[in-house]
There are 2 protein chains.
Amino acid sequence: MTARTSDNSLTDTASQLRNAIVRTSRALRQDAAGETGLSPATTAALASIGRSGPLTPSELAEIERVKRPTMTRTLACLEREGLIERTPDPADGRSSLVAVNEAGREHLARLRRRKSAYLARRLRKLDPAEVETLARAAELLERIREDERG
Amino acid sequence: MTARTSDNSLTDTASQLRNAIVRTSRALRQDAAGETGLSPATTAALASIGRSGPLTPSELAEIERVKRPTMTRTLACLEREGLIERTPDPADGRSSLVAVNEAGREHLARLRRRKSAYLARRLRKLDPAEVETLARAAELLERIREDERG
DNA sequence: GTTGATAATTAGCTTAGCAAACTAGTTTGG
DNA sequence: CCAAACTAGTTTGCTAAGCTAATTATCAAC
């Protein structure tokens, strides 16, 4: 392992990782369609709102790394499903604050309980060290996305 | 960390991982659009063809875990870009064998050289142990998807 | 040789991303 | 204090990429 080969193995790792991520996210989409009635993008947004409290659509768009019009649509979906509530932003009349309501909290709790969710189901077949590896990988992926933020 | 909490931490890990994957794959899509002119799905297909030699569209669809009509479209795109070639399948007149042509090989080589590809760029900021974690995670993700195959 | 399965495609739908244009509030300079 | 510039959110219209159902062409088996 010289510094020379390390750069090659880096791009190899990158491309393997890329394939794994693209394919897994495809599998997630299929699974979500079949099971919860809420797509992965929508679920992720709901989880973010639940985790980070009342937020403006713009803040949420930034967290999820999508453009504002995309978040507008996602929020419309969550609202249609009755999982979130909006209150006018006291600080800015153009904006609103989005929060998870009771139904949304229940939905999140159900998801968390959900033993059959695609990844949880599969994680149960791995040994603890492997699960740990994936947990750390999730952190790393979030972290390297964070770096972008400038 | 008892056996009791282990099931909770499993679903927690699952949901963190899910978010990380969904967001990263979104970032990948944006990056691909901006840089190479070839989307992640299309690039992944090209890489698979390159790796696994001449294949029928059906085989490729199975590798990429998409349905055949989806692969039909992806192949049409690769063909339009002049990166692949089809020859009639000698064993089956309904089918054809898809292979990467010279331009496709160059494109793949360029991708491999590409120091600025989204993930490679970020991987370079991590220490070797972290890169290793992600490499193992990629393998694990592929493996747990494999389990599905029944 | 007809019948039933299978490979690929076509047609039509959906989701989820984008950019550009619009609306309505906010901020700022004069 | 009001007009101009800016900004948050939405609307509109486009694209990519997934799906199912239906077609077409070939293959296999009887």
Side-chain angles (χ1 to χ4, degrees), chain A residues 19 21-46 54-81 84 86-98, chain B residues 19 21-46 48 54-81 84 86-98 118:
Chain A
N19 282 341
I21 286 171
V22 166
R23 288 179 192 152
T24 304
S25 108
R26 203 173 284 148
L28 281 173
R29 197 176 324 154
Q30 275 172 252
D31 186 66
E35 293 213 47
T36 78
L38 230 52
S39 68
T42 313
T43 306
L46 185 62
L55 292 163
T56 65
S58 288
E59 287 165 344
L60 200 47
E62 192 173 351
I63 290 176
E64 291 296 315
R65 291 305 240 266
V66 297
K67 301 298 179 200
R68 277 177 301 179
T70 301
M71 191 46 69
T72 293
R73 184 175 355 185
T74 305
L75 289 175
C77 172
L78 285 172
E79 212 166 11
R80 205 181 325 115
E81 299 293 324
I84 58 170
R86 318 175 81 133
T87 52
D89 184 343
D92 189 336
R94 293 165 299 183
S95 188
S96 56
L97 293 173
V98 180
Chain B
N19 283 340
I21 287 172
V22 167
R23 290 181 192 150
T24 304
S25 109
R26 202 174 286 145
L28 283 172
R29 197 176 327 154
Q30 274 173 251
D31 186 64
E35 293 215 46
T36 79
L38 228 51
S39 67
T42 313
T43 306
L46 184 63
S48 284
L55 291 163
T56 66
S58 289
E59 288 165 344
L60 200 47
E62 192 173 352
I63 291 176
E64 290 296 313
R65 291 304 241 268
V66 297
K67 303 296 180 203
R68 273 179 300 180
T70 302
M71 191 46 70
T72 293
R73 186 177 348 188
T74 304
L75 290 175
C77 173
L78 285 172
E79 211 165 10
R80 205 181 325 116
E81 299 294 324
I84 59 170
R86 320 174 78 133
T87 52
D89 184 343
D92 189 336
R94 294 166 296 181
S95 190
S96 56
L97 293 174
V98 180
Y118 180 88

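Lettering of chains follows the sequences in order, A, B, ..., and the numbering in each one begins at 1. What you see below is based on every heavy atom in this structure, not just the backbone, and it leaves out hydrogens, waters and symmetry mates.
Summary of the strand contacts: B:Thr42 and A:Arg86 both lie near DNA chain D, and taking for each the nucleotide with the nearest heavy atom, the more 5' one is attributed to A:Arg86. Closest-nucleotide positions on DNA chain C for B:Glu59 and A:Cys77 were compared, and the one nearer the 5' end corresponds to B:Glu59.
Between the B:Arg26 side chain and the A:Ala41 main chain, no donor and acceptor come within less than 3.5 Å of each other.
Side-chain atoms of B:Ser25 and B:Arg29, non-hydrogen and from C-beta on, do get closer than 4.5 Å to each other. Side-chain contact check for B:Leu97 versus B:Thr56: some heavy-atom pair is nearer than 4.5 Å. Residues A:Met71 and A:Thr74 form a side-chain contact, since some pair of their non-hydrogen atoms from C-beta on lies under 4.5 Å apart. Residues A:Pro57 and A:Leu75 form a side-chain contact, since some pair of their non-hydrogen atoms from C-beta on lies under 4.5 Å apart.
Within the 4.0 Å cut-off from OP1 or OP2 of C:dA16, not a single side-chain nitrogen or oxygen of A:Thr70 is found. A close approach under 4.0 Å does occur between a side-chain nitrogen or oxygen of B:Gln30 and OP1 or OP2 of C:dC18. Taking only side-chain nitrogens and oxygens, A:Arg68 never comes nearer than 4.0 Å to OP1 or OP2 of C:dA20.
When distances run from any side-chain atom of B:Ser95 to the nucleotides C:dA7, C:dG17, D:dA8, the shortest one goes to C:dA7.
Per the geometry, CG belonging to B:Asp31 stands 15 Å off C1' belonging to C:dC18, to the nearest Å. Summarising the geometry, the separation between CE on A:Met71 and P on C:dA16 is reported as 11 Å, rounded to the nearest angstrom. Rounding to whole angstrom units, NZ of residue B:Lys67 and C1' of C:dT15 are separated by 17 Å. Atom-to-atom, CG of A:Leu28 to P of C:dA16 comes out at 12 Å; the value is rounded to the nearest Å. Distance B:Arg73 CZ to C:dA7 P: 21 Å, rounded to the nearest Å. In this structure, B:Arg23 atom CZ and C:dA16 atom P are separated by 15 Å, rounded to whole Å. The distance between atom CD of A:Glu62 and atom P of D:dA8, rounded to the nearest whole Å, is 11 Å. Put simply, CG on B:Asp89 is 16 Å from P on C:dT6, counting in whole angstrom units.
Within 4.0 Å (heavy atoms only), B:Asp92 reaches sugar-phosphate atoms of the nucleic acid but no base atom. A:Pro69 comes within contact range of at least one nucleobase, with a heavy-atom separation under 4.0 Å.
Residue side chain B:Arg26 does not reach the base of C:dG17 through any donor-acceptor N/O pair under 3.5 Å, judged by distance alone. Between the base of D:dT7 and the side chain of A:Arg94 there is a donor-acceptor pair shorter than 3.5 Å.
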